Amino acid sequence: MSNNTLQEALTEVRQQESQMRRCLEHKGKIMDAVKHASTLLAELRSSTLPPKQYYELYIVVFDALAYLGAFLKDSHPTHHLADLYELVQYAGNIVPRLYLMITVGTVYMGMDDAPVKEIMKDMMEMCRGVQHPVRGLFLRYYLSQRSRDKLPTLPEGDENAATKGSLQDSIQFVITNFIEMNKLWVRLQHQGHSRERDKRTAERQELQILVGSNLVRLSQLEGIDKTYYRESILPAILEQVVQCRDILAQEYLLDVITQVFPDEFHLATLDIFLDTIANLNPGVSVRRIVITMIERLAAYAAREAENETNTVAKQLKEAHLDDAVDNDKDGDDKGKDKDEEVTDPLTAPSASPYTEEYHRGIPASMDLFKVFWDHFLGLLKARPDLPLEDQMAILGALTKLSMNAYPERLEFLDQIFSHAAEKLKAADSAATSSKETVDALLAMVLAPINFYSRLLTVLSVPSYLELLQSQTAASQRVVAIAVIDSVLKEQAHITDIGDAEGVFGLLQILIVPRGAAAQSEDEESEDVAADQAKIAKVVHLLYHKDPDTHYKLLVVARKALSAGGQLRKYTYPALVFSTLRIARRYKARESVFVDWMQRTTALFKFIHKLISDVSITGRAEYALRLYVDAAQVADQCGAEEAAYEFFVQAFTVYEEAVSDSRAQFQAICIFVSALQQTRNFSLDNYKLLISKTAVYGSKLLKKPDQCRAVYMASHLWWTVDDDDEDDDENKETPEGEESGTASVRDGKRVLECLQRALRVADACMDVAVQVQLFVEILNRYIYYFDHGNTEITVKYINGLVEVIQNNFNDDGAYDAQNIEAPKKFFDRTLDYIASQKEVDERYESIVW
Amino acid sequence: MLVLAIGDLHIPDRAIDVPTKFKKLLVAGKISQVLCLGNLTDKQTLDWLGSISPDLQLIRGDQDSQPSSLIYNSLPRSLDLEVPGGTNASKIYAGLSLFKTVQHGELKIGITAAHNTLSLHDPDTQLIIARQLDVDILICGGAHRVEAFELDGKFFVSPGSATGAFSVEKYTDDGVEEDEEEEVNGKEENDNENEDGKNDEDGKNKEKEESKGDKDDKDKDEDGKDESENKEESETNGEETKITEPSEAIPSFCLLDIQGSVCVLYVYMYIDGDVKVDKISYRKLQ
C-alpha cells in the first residue's frame, strides 16, 4: 500500500524533475524551474511514508536539487542568488520553501561576496518551522549535507569573520543543528500508539545515522584544538545527550562521540565523558559505552607504542645521518600525533605550564588506568544493579587497556583480577554461570596469555591463578591450551623452578583426568591424546645448563603430572627420556662431580618409578621398551646395577604382560639388539641376561619365530664393536674396559645357537617356510665365517647348502610358486659366496 | 623422481617437533613418495607426511608397538603392508610390518627399522637383509644419525631422526667427530668431481658417515657460563679441564633422486639453526 504511495511520489518527482531540467536547459526559465522544483518537493510533505521509503524519496529529490543548485551557481550573478533567496520565500508550503531556501542559500554561501554568517543564521532559524520529526530530520540533514563544504573556518579574530563567519560560527551551526535534530529524533519515539513502540524504536534506529552525521561533520572541521573541544564543544553535545533522557539516543550518540573524535581529544576530556555516564538514563547499557571508550584508548596506546619503537629506531638510525636530512625527514614522515611526542621542549605547546611527556601516547601526567578504575568503582556504587556480565566485560576491557598502555604495570592486572575474583565469589551461581559472564571472563584470562610474548609474565600476577581457578572447567581448559601453544611457539627453555611450577599450575586442568570418564581407561578420545601430547612437549622445554637444576625441574614436572592417573602414560615417557639425557650429562661430569655415581643412581631410581607407573597405566609393552632404553643408557653411564635392574624389569614385564606372539618376537628382537650393544656389564651378569633372552626365544610358540629368535640370539655371543668398520678408530672402548662385555666372542655358543635354529627349522612342516629359514640360517653361517669365527667351518656351510639344494630338488613337497622367493634368496647367497672367492681364499673350499 | 626417507620422529616422547626449516622444505608437490622408517608416533606428523605425498609408505619402528599409539588405528587400510620374500614369508612377517620394498626405475628399495636386523652398527647384518629382500638400496631407521655407504654393490642409507630425537645409542665425543667431519668433507668434493665415475672406485667396503652430533645448539648460549663453572671445578681436578656436554642427535632426513639405475642421495641436516645439505651418488652395477 505504502509502496504504491512511494511509487506515485517517485513518479511525480521524476516527472517534475525532467520538466525542471527542460526549463533550465532550453529556455533558462529559472522561475518556472523553481516552480517545478517546488512541486516535486511537495512530495516530501508526506507523513505516511515510513522512514526507509521517505529516505528513498529524499535521495531522488536530493539529486534533482543538486542539479538545480549547480545551475543556479552558474547563472549567478545574472540571476543574483541574493534575489533568488528572497524569491523562494514565496513558495506556498513550508517544506518546499525551506528546501529551496537551503538550496539557494548554500550555493550563495559558496560565493565570494556572500554574507555567509547571516545566511547560516537565517537558515538555521527558518528550519525551526518544521517540527514534524521525520520531515524535520531530513530537512536538517539536507541543510547539513548541502552546507558541508561551505562552512567558514576563519579564526575568531579575522577581520572578515563578521560577515564571512568564523570557525566558531560553523561549530555553533553544526551543534545547533545536532541539538535540534536530536530533539526531533527523540520526539519521534513518543508519537503514535504506545503499542507500536518497538516499531517506533526500530524506525528510529534506521534514522540514527542522520543525527550522528552532525557529529561526524563536527569532527571533520579543521582547526579545532582540544582545549576548545573540552571547553565548548563536548559539554554542549553531552548536555543535549543527558537532557534528552532517551536510551537509544544516549547509547548511540556516546558511541558516535567515541568513534569520531581523535584519541587526544578523548584523553583530554575523559573525566567529563565518564562523569556524563553516571548521569545517563538508568536503562542505558553503560557497559558498551565504557568498553568502547576503553578499547579505543587501548588500541591507541598499542599503536602509539609501536610508533614509539619505530621513532626510537628511526632516531637511532638518523643519528648517524646528516643533520639536514634528519630535519627534512621529521616533517615528512611523522604524522601530527608523533610530532607531538618528539617535539623538543623549547617548541612544545605552551598550553600547559610544563612540558608534557608522553608514554605510549598517553601524557605522563595522566594515570589513565586510575581514571577508568575510579570511574568503574564509582559506577558500581551509582549502579549497584549493574549485571555481573557487564562488570566482567568492563574489567576485560580494562585488562586490555592495562596491557596496552601500561604493559609493565602488572599491579594493575592484579587489581583487576582480584576484583573480578571477589565479585565472582559474592555473586550467586546463576549469574556466574551465565554464558555471557563465562565468555567475558574467558576473554579476560586469555588476554594476558596471548598478549605477553613471555608467557610467564602472568605468573607474577598473584591473583591470576585464583581467578583462573574459579572459571568453569571448559574455560580453564581453553586457557591451558593457550598456555601450551604459547609456550611451544616461544620455544624458550623453562629454566626456573618457580616458572616450571607456575606453568604446570596453569596446566592443572589438563593434567587431571576429566571426571568419571577418565576412570574407564579403554578408549580416550583423540582430543585427550592430543592434549596430553602437548603437555609432554612442554616437558622437553624444561632445561637448565646445570644438570642438578634440570633434574629438579623434572621433579617438579613429575609432581605435577602425577595427578594424571591413567593419563600419565602419555606424559611420563617424555620425563623418562628427559631424565636419561641428564644421566648422560652427569656422565660427562664424571671427573668433576665427586659423587656423580650417587647422583646417577638417584636419577635411575627416579626413572625406575616413572616407568613402573607407565606400566601400571596399561602400556606394558611400551614400559618394556622404556626399561630397555633406560638399561642401555645406564650401561653407557657405567651404572651396571641400574642397567641390570632395568633389564630384569623388562623381562618381568615380558613374562607378565606380553602374551601376543608377534609382540613377544618383537620384544626379543629388542632385547637382543639392546644387549648386543651393552659394553659395561660384568661377564657374569651379561651371561645371565643373554641366557635368559635365549631361553625366551626358544620358548616362542611358532616355530619360525622360535627359529629366528634363536639365530638372532647367536649374536649375543658375538659382539661387534661399534667402530669395527672404521679400521683405525677403536678408541671407543678403552683398554681398561676390556674386562666388560666388549670382547664377548664365544664361537662355540654361536655355533650351538645356529644348530639349534636349524633343528627348529627342521621341525617346520611347511617346506617353503622351512627352506626359507634354512637360507636365512645359511646367511648367518656366512656372516660368522666372514667374521672369522673358527667354529663355523666350511663343513657346516657345505652341509647346509646341500640340505637346501636337496629340499629344492624334492619338488614333490611344495608348489614351485611358493618356493620361488627362497630359491632366489638362495641363489643370491650363492652368488655372494662366489664373489667372495675372489677376495678371500677361505671361500674356495665352499662348493656345491 | 624424488623419494623422501624420514624416520624416528618420536614426537612427543623424545622431541617437540620437526624443525620449522625442514617443514618449509618439505611441502606438497615435489616429492613422489614418502618412506617413513618407523617411530612416527603422533597423528599430526602422520598428517603432515601424508600431505607431502599421498604415496606414504610406513613400517613399524621399535617404539611403535605401543598399544595406545592412536596413529595406527587411524591409518587407512590401504597402508597395510605387504612383505617381500615370497608369499609364505609375508605370512610370517605380516602384522609386524617390519620390512617393505618399493621399486623405482631399475632400483629396488627396502626399508626397515634397525632393531629388527641388529644392524645398528653392523653393516654385515644389513647386507644379509638387503640380500634377503633382494634390494639395491636398503634404508634403515632406528639409528639417530645419518649414514650412507656402499657395500657389495648395494647402497645403505640411514636417514637419522628428523627431530633429532634422543637416542639410546652410545654417543661419541666431539674429538672423534671432528675427524669424521673432515673426512666427510674430503670425500664430498671427490663425489662432486666424478659423480658418475663413482662405481669405478667401488671397493668392497666404502663408507661415508655423517657427523653424529655437534654440541647441541641450545647449550651454545650458555657456553660462557659453563666454562667459568668448569674453571672452578678444574681446580679440584687436575686433568679434566673441560666438560663436554654429551652430543645430541642432529635432526636429519634424506631425499633420494632416482633416475634409472642412478640414485643421488641428498642428506639434509639441521645444524645450529641452519639446514646443511650433502650429496652422495650411487649407481647400480649391471
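Remember, it's a predicted structure, so these values are computed and weren't measured experimentally.
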- Item | chain B contact via A:Leu488 - which portion, at a heavy-atom distance below 4.5 Å | side chain
- May I ask you to check whether over 12 heavy atoms, not counting those of A:Gln491, lie within 6.0 Å of atom CD? yes
- Looking only at B:Ile11, B:Thr20, B:Ile16, B:Asp17, the option with the highest number of non-hydrogen pairs under 4.5 Å against chain A is B:Ile16
- Task: Hey, could you give me the CG/CZ distance between A:Asp629 and B:Arg14, rounded to the nearest 0.5 Å?
- Result: 5.0 Å
- Item | Reported OG1-to-CG distance for the pair A:Thr719 and B:Asp122, which is rounded to 0.5 angstrom | 11.0 Å
- Query: Which heavy atom of B:Pro12 sits nearest a heavy atom of A:Ala574, and at what distance?
  - Reply: O-CB, 4.1 Å
- Query: Of all heavy-atom pairs between B:Leu133 and A:Arg828, which one has the smallest distance, and what is that distance?
  - Reply: C-NH2, 4.5 Å
- Item | Check ion pair A:Arg625-B:Asp13 (N to O, under 4.0 angstrom) | no
- Salt-bridge contact B:Glu245-A:Lys545 (side-chain N to carboxylate O under 4.0 Å): no
- Checking heavy atoms, do the side chain of B:Ser167, its backbone, both or neither come under 4.5 Å from chain A? backbone
- Message: So for B:Ala165, is it side chain, backbone, both, or neither that comes closer than 4.5 Å to the heavy atoms of chain A?
- Response: neither
- Find out whether the Lys NZ or Arg CZ of A:Arg581 is both under 6.0 angstrom from the six-membered ring centre of B:Phe166 and within 45° of the ring's axis. no
- Query: Does any non-hydrogen side-chain atom of A:His787 lie less than 4.5 Å from one of B:Asp124?
  - Reply: yes
- Message: Could you check whether any side-chain heavy atom of B:Gln132 comes within less than 4.5 Å of a side-chain heavy atom of A:Thr829, counting everything from C-beta outward?
- Response: no
- Would A:Gln677 and B:Val168 count as a side-chain contact (heavy atoms from CB on, under 4.5 Å) if you check the C-alpha gap in whole Å, the side-chain angles of each, and the deciding distance to 0.1 Å? CA-CA 10 Å; A:Gln677 288 176 67; B:Val168 296; over 6 Å; no
